[in-house]
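These notes concern the structure reproduced below.
Values below: every heavy atom of this structure, side chains too, minus hydrogens, waters and symmetry copies. As the structure lists them, so they are numbered: ligands from 1, and atoms in each ligand from 1.
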Amino acid sequence: MTLSFEILEKDIAGRIGKLSGQGKTVKTPTLLPVINPHLNLITPAEMQKMGVEAVITNAYIFSRSEEFRERALTDGLAKTLDFDGVIMTDSGSFQLSVYGEVEITNAQTLAFQQAIKSDIIVPLDIPTHPDTPREQVEQELAITMDRIMEAKGLADHEHHTLAAPVQGGLNLDLREQTGRKLSEEGFKFCPIGAVVPLMEAYRYAELVQVVMAAKRGLSPSVCVHLFGAGHPSMFALAVAMGCDLFDSAAYALYAKDGRYMTTHGSYHLNEMTYLPCPCPVCEGHTAKELNESPDRERLLAMHNLRVTLAEINRVRQAIRDGVLWELVDERCRSHPALLRGYRTLLGYNEELTAKDRETKRRFFYRGDESCKRTEVVRYQQMVGRLSAGDTALISFSRHIKKKQTEGFDSVFFFKPPFGPFPAELTETFPIGQSEIPDFDEAMVRTGCMGIAKLMEGNPDTRFTIRCRPVWMDLIRQILPTVEVEDERS
Ligand code: GUN
Ligand code: ZN
């Protein structure tokens, strides 16, 4: 296997990485536009100028094409497509998922993908539909695993990388087991398969469960491709889970239907009066002109692809800055199904905390969901280790006089949703870099859990909380043993 994957920066379980080999490099996360040689709305060479470093095409289409089969075999894919970046080929499994059968064997597609000099080849995995009964999922998974192992044993893999897809339907234990097994077998490039039906039906909560299960089994050093994911509204969410590569025909399929992509959903050009995008296509046309242009499909594909690539860059920047949660939050509010996916992801917060980085540029509180963020979990794991002495004051107000702290061994301030903090931590992350609006119930509730952790770590300390009367009942309800005083008395 020739491509190597290096992780450079992280945020949540997302990463910026470098996939390299054979003199080519691909920055991840990245999008591989799907190239259909028969369509070619935007040429791979044009894509390269737009910043595309890798594309994916369907080997099955090449193998059945009178026009392209021989050329690809003679000249190789790079020359046939006129693209010198990384070229991945899919096996025909997608046709398998749509038509139920393909006229090619695993050995044949692998030999063909090698013969046309693909950089990343894919065996003929079975993309088991999510609503398949377990017994059938197990049978198909066994076949997929046999084919992956057959592929591993078949040829020397010096000139390409062999992708090992993770299948297993909606059975999370099977997804996890499969991920673990493939990692143990040494695979370094693993797509997560058969998720297209989930995305098409907006089943983002289940998508999150499936991806998190597969990721739990996969080694963190594996480069993970989310098969068939190409709408920019979900990149932040998928990257937060640790997906590195996406592939998309969406930019072209949507264009065919006259649909205009944005990072928060798509619109039909018929329903648009204004174009909210500064790309050359949108700058040069009104919505009406674009809709009525004889070149509509190509122009719209151009716009769609640019929007998609721009979002990939936005996600990369968010990882660098450690603000990926903010971007996930923003994107997932554009549709309730995405919000459900986001909330499902937050349910994995303890597991994500272990992967997340220690410090970030900032933490912006954006409502209830922010209370479940990894930074809060991490802070509350730490706060129990602070020492509070025999008596401790927790002051909700930051403006207290020395005299008011007399008689206490230790003094803490309160920054919800994190919890209590000593003055020494005022400038450190997350206390110093978090911005919150006026206290609300959700954050105070979560902050009180932080107080509970401090109390657990200091079981012999007598704690007094001073706050405004409005919070007293809530605090007494969550922390019944603590003494609560009105900060103005
Ligand atoms: N394209 C979309 N989903 C899949 C999948 O599960 N397997 C393969 N090989 N290609 C896909
Ligand atoms: Zn545009």
Side-chain angles (χ1 to χ4, degrees), residues 32 34 36 42 50 56-61 88-99 102 104 106 109-110 113 118 120-130 132 137 140-141 143-145 147-148 151 162-170 175 178 189-200 207 210-211 214 224-232 243 245-251 253-255 259-263 266-267 269 272 274-287 289-291 293 296 298-311:
L32 285 66
V34 174
N36 180 340
I42 309 172
M50 293 161 75
I56 182 168
T57 190
N58 193 310
Y60 189 68
I61 293 179
M88 178 173 177
T89 44
D90 201 354
S91 51
S93 296
F94 180 70
Q95 277 73 12
L96 202 57
S97 74
V98 180
Y99 305 112
V102 284
I104 200 164
N106 189 40
T109 182
L110 292 163
Q113 291 177 64
S118 170
I120 304 174
I121 70 173
V122 179
L124 194 67
D125 58 314
I126 303 183
T128 307
H129 191 277
T132 308
V137 175
E140 294 184 356
L141 181 57
I143 297 171
T144 294
M145 293 304 275
R147 290 180 181 172
I148 293 171
L162 174 61
V166 181
Q167 298 289 349
L170 281 187
R175 290 277 187 177
T178 304
F189 188 100
C190 295
I192 297 176
V195 292
V196 170
L198 295 177
M199 295 184 290
E200 282 176 348
L207 176 74
V210 162
V211 172
V224 176
H225 176 158
L226 192 60
F227 254 141
H231 200 288
C243 297
L245 263 60
F246 305 94
D247 69 274
S248 181
Y251 72 97
L253 297 175
Y254 280 54
R259 283 195 287 164
Y260 180 99
M261 288 173 130
T262 77
T263 49
S266 307
Y267 303 91
L269 267 181
M272 299 184 81
Y274 307 102
L275 300 178
C277 166
C279 89
V281 170
C282 299
E283 196 186 52
H285 298 80
T286 65
E289 284 164 0
L290 184 56
N291 199 22
S293 165
R296 183 181 86 165
R298 178 180 143 82
L299 292 171
L300 204 44
M302 284 277 192
H303 158 83
N304 287 345
L305 187 57
R306 281 201 177 93
V307 167
T308 307
L309 296 171
E311 179 67 1

Side chain to side chain contact (heavy atoms under 4.5 Å, CB included), that's the test. Do Asp90 and Phe227 meet it? Break it down for me. CA-CA 10 Å; Asp90 201 354; Phe227 254 141; 3.9 Å; yes

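- Looking at Val122, Ile192, Leu245 one by one, the single match for side-chain contact (heavy atoms from CB on, under 4.5 Å) with His225 turns out to be Leu245.
- Less than 4.0 angstrom separates some heavy atom of Val122 from each of these atoms of ligand 1: 9 (N).
- Polar contact with ligand 1: present for Ala194 (N/O pair, distance under 3.5 Å).
- Regarding atom 7 (N) of ligand 1, its nearest protein heavy-atom neighbour is Asp125 OD2, 2.7 Å.
- Relative orientation of the Tyr260 and His303 rings is parallel, given thresholds of 30° and 60° on the angle between their planes.
- Counting only heavy atoms of the protein, atom 3 (N) of ligand 1 lies nearest to Phe227 CB, 3.6 Å.
- Checked by atom type and distance alone, the side chain of Ser91 never pairs as donor or acceptor with a backbone atom of Thr109 at under 3.5 Å.
- Taking a 6.0 Å sphere around OH of Tyr254, one finds it holds more than 12 heavy atoms contributed by other residues, nucleotides or ligands.
- Close contacts of ligand 1 with Asp90, meaning ligand atoms under 4.0 Å from a residue heavy atom, involve 1 (N), 8 (C), 9 (N), 10 (N), 11 (C).
- Looking at Leu275 and Leu269, their side chains come closer than 4.5 Å, going by heavy atoms from C-beta outward.
- In this structure, Val307 and Met261 approach most closely via the heavy-atom pair CG2-O, 3.8 Å.
- Listed by chain and residue number, the protein N/O/S atoms under 2.8 Å of the Zn ion (ligand 2) are Cys277 SG, Cys279 SG, Cys282 SG, His303 ND1, with waters left out.
- Not a single donor-acceptor pair under 3.5 Å links the side chain of Asp247 to the backbone N or O of Val34.
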